[in-house]
Participant: 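This is the structure I have questions about; it appears just below.
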Amino acid sequence: MAAVKLDSLGKEKIEEIINSFDTILADCDGVLWLQNNPIADAANVMNAFHNSGKRIFYVTNNSTKSREEFVAKATSLGFIASTDSVLCTAYLIANYLKDINFTKKAYTIGSTGITRELDKAGISYCGVGPDPVGENFTYEGAFTPDPDIGAVIVGFDLHFNYMKMMKAATYLNNKDTLFIASNTDERFPGSETLIIPGTGSLVKSIETCSEREATVMGKPAPYAAIMLQKNFKIDPKRTLMIGDRANTDILFGKRCGFKTLLVLTGVSTIQDIDNWSKSNDPKNKELIPDYYTQTIGDILPHIKN
Ligand code: PLP
Ligand code: CA
């Protein structure tokens, strides 16, 4: 099925589509804001959805903040948000471990977003922060493995380095050690001149040296939707996923049976949709959204309060 350009439809049809949803899931970076800059009318759209009685959720692959920190960011940019409405990967990771009654310690490549969520879930951890390799480094005896480690977590980590890879791979050499990743985003947008490696690059690196495959918590993996289903009993057919990145947001939405709307303020482009539409590869077909529009702000006139 081809993607439908939202404003090619008449006003009545657009309103009918919007009225057919009672749950709205929005990706954050690239849809609602770009780093710390809000996208025009994004807050008005989310607030109008909320005020019209729809349930809104913020679903982000960014592991650097806890749910409370996302609420603080969203509210400072004018969005109505509560911790219940935030599904960030740091929270998903901690919640997953709590759900399976994990009682060991998690070796964590990541940042305070993850450790704050692990603290709330009562899960012990180590690993976050710089871990430099000394000048007299030798492989043998480089570190003493901690026998309490039962999981390796990989999220975004500005201190990612060889030592951390060695520790993660050593712990994962025990097949009973869980391997949990925040997300697989290859790169992040945000610079015209520089390439910004995403968490997916770190995850691939650990997958390579451990010869294991991570269990991914973020989009396009369905864990966020499974949690929503459990806690809020959402109806997939009446749920809209709004995203800017097809291989995470749109794929997630489609795999979960939601309708999908791609906005063009982030990663994926109209050219991408065009290429996937012409491609015969079923993997590319999976990336095609139901609808697309330039920016989330385009929806504002069509939300009835
Ligand atoms: N992870 C990190 C560390 C990020 O900085 C970002 C975007 O800023 C993302 C993931 C992607 O977030 P989202 O899923 O909200 O687009
Ligand atoms: Ca995004």
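Atoms within a ligand are numbered from 1 in the order they appear, just like the ligands themselves. If you read the sequence from its start, that first residue is 1, and numbering goes on from there.
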Participant: Crowded around K237 NZ? As in, over 12 foreign heavy atoms under 6.0 Å?
Facilitator: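 Check fails, neighbour count at 12 or below.
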
Participant: Could you tell me, atom by atom, which parts of ligand 1 come under 4.0 Å of a heavy atom of C28?
Facilitator: 15 (O)

Participant: Just to be sure I read this right, does ligand 1 sit under 4.0 Å from the backbone of R245, its side chain, both, or neither, counting only heavy atoms?
Facilitator: neither

Participant: Report the part of T60 in contact with ligand 1, treating N, CA, C, O as backbone and CB onward as side chain, heavy atoms under 4.0 Å; options are side chain, backbone, both, neither.
Facilitator: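 The part of T60 near ligand 1 is both the backbone and the side chain.
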
Participant: More than 12 non-hydrogen atoms from neighbouring residues, nucleotides or ligands closer than 6.0 Å to NZ on K73, yes or no?
Facilitator: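 For K73, atom NZ is crowded (more than 12 foreign heavy atoms under 6.0 Å).
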
Participant: Is the shortest N/O to N/O distance between D185 and ligand 1 below 3.5 Å?
Facilitator: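 Between D185 and ligand 1, no N or O pair is found under 3.5 Å apart.
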
Participant: Could an N or O of ligand 1 be found under 3.5 Å from any N or O of N183, whether backbone or side chain?
Facilitator: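 No; the residue has no nitrogen or oxygen that sits under 3.5 Å from a nitrogen or oxygen of the ligand.
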
Participant: State whether K283 and E286 are salt-bridged, where the test is any N-O pair (Lys NZ or Arg NE/NH1/NH2 against Asp/Glu carboxylate O) under 4.0 Å.
Facilitator: no

Participant: Compute both the distance and the angle, then confirm whether K167 meets the cation-pi test with Y107: under 6.0 Å from the six-membered ring centre, within 45 degrees of the axis.
Facilitator: no

Participant: Starting from atom 2 (C) of ligand 1, find the nearest protein heavy-atom neighbour and note its residue, name and distance.
Facilitator: F188 CZ, 3.2 Å

Participant: Considering only NZ, NE, NH1 and NH2 on the basic side and carboxylate oxygens on the acidic side, decide whether E207 and K204 come within less than 4.0 Å.
Facilitator: no

Participant: Any ion pair linking E186 and R245 (charged N to carboxylate O, less than 4.0 Å)?
Facilitator: yes

Participant: Which atom name does D29 have for its N/O/S atom nearest to the Ca ion (ligand 2)?
Facilitator: O

Participant: Go through ligand 1 atom by atom and flag the ones less than 4.0 Å from a non-hydrogen atom of K219.
Facilitator: 14 (O)

Participant: State plainly whether the residues D99 and K230 are in salt-bridge range, i.e. N to O under 4.0 Å.
Facilitator: yes

Participant: To check your reading of the model: name the closest protein heavy atom to atom 5 (O) of ligand 1, its residue, and the distance in Å.
Facilitator: N62 ND2, 3.4 Å

Participant: Are F70 and Y91 close enough that their ring centers fall under 6.0 Å?
Facilitator: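 No - the distance between ring centres of F70 and Y91 does not fall below the 6.0 Å cut-off.
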
Participant: For K120, look at atom NZ and say whether over 12 heavy atoms of other residues, nucleotides or ligands are found less than 6.0 Å away.
Facilitator: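 More than 12 within 6.0 Å, yes.
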
Participant: If you count the atoms of ligand 1 from 1 in the order shown, which ones are under 4.0 Å from a heavy atom of N61?
Facilitator: 1 (N), 10 (C), 13 (P), 14 (O)

Participant: Would I206 and I114 show up in the same hydrophobic cluster when neighbours are defined by side-chain heavy atoms closer than 4.5 Å?
Facilitator: no

Participant: Considering only the protein, which heavy-atom contact is closest to atom 8 (O) of ligand 1, and what is its distance?
Facilitator: D29 CG, 3.4 Å

Participant: Tell me whether R187 at atom CZ has more than 12 heavy atoms from other residues, nucleotides or ligands lying less than 6.0 Å away.
Facilitator: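 No - once you tally the heavy atoms of other residues, nucleotides and ligands closer than 6.0 Å, there are 12 at most.
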
Participant: Indicate yes or no: does an N/O atom of S63 lie under 3.5 Å from an N/O atom of ligand 1?
Facilitator: no

Participant: Is the shortest distance from a heavy atom of Q35 to ligand 1 less than 4.0 Å?
Facilitator: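 Checking ligand 1 against Q35, which is what was asked, there is no heavy-atom contact under 4.0 Å.
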
Participant: Which residue holds the protein heavy atom closest to atom 13 (P) of ligand 1, what is that atom called, and what is the gap in Å?
Facilitator: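 Its nearest protein heavy-atom neighbour is D27 OD1, 3.1 Å.
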
Participant: State the atom name: nearest N, O or S atom of D244 to the Ca ion (ligand 2).
Facilitator: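 Closest to the Ca ion (ligand 2) among those atoms: OD1.
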
Participant: For D27, what is the atom name of its N, O or S atom nearest to the Ca ion (ligand 2)?
Facilitator: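 Checking each N, O and S atom of D27, the shortest distance to the Ca ion (ligand 2) belongs to OD2.
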
Participant: Does an N or O anywhere in T64 fall below 3.5 Å from an N or O of ligand 1?
Facilitator: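 No, T64 has no N/O under 3.5 Å of an N/O on ligand 1.
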
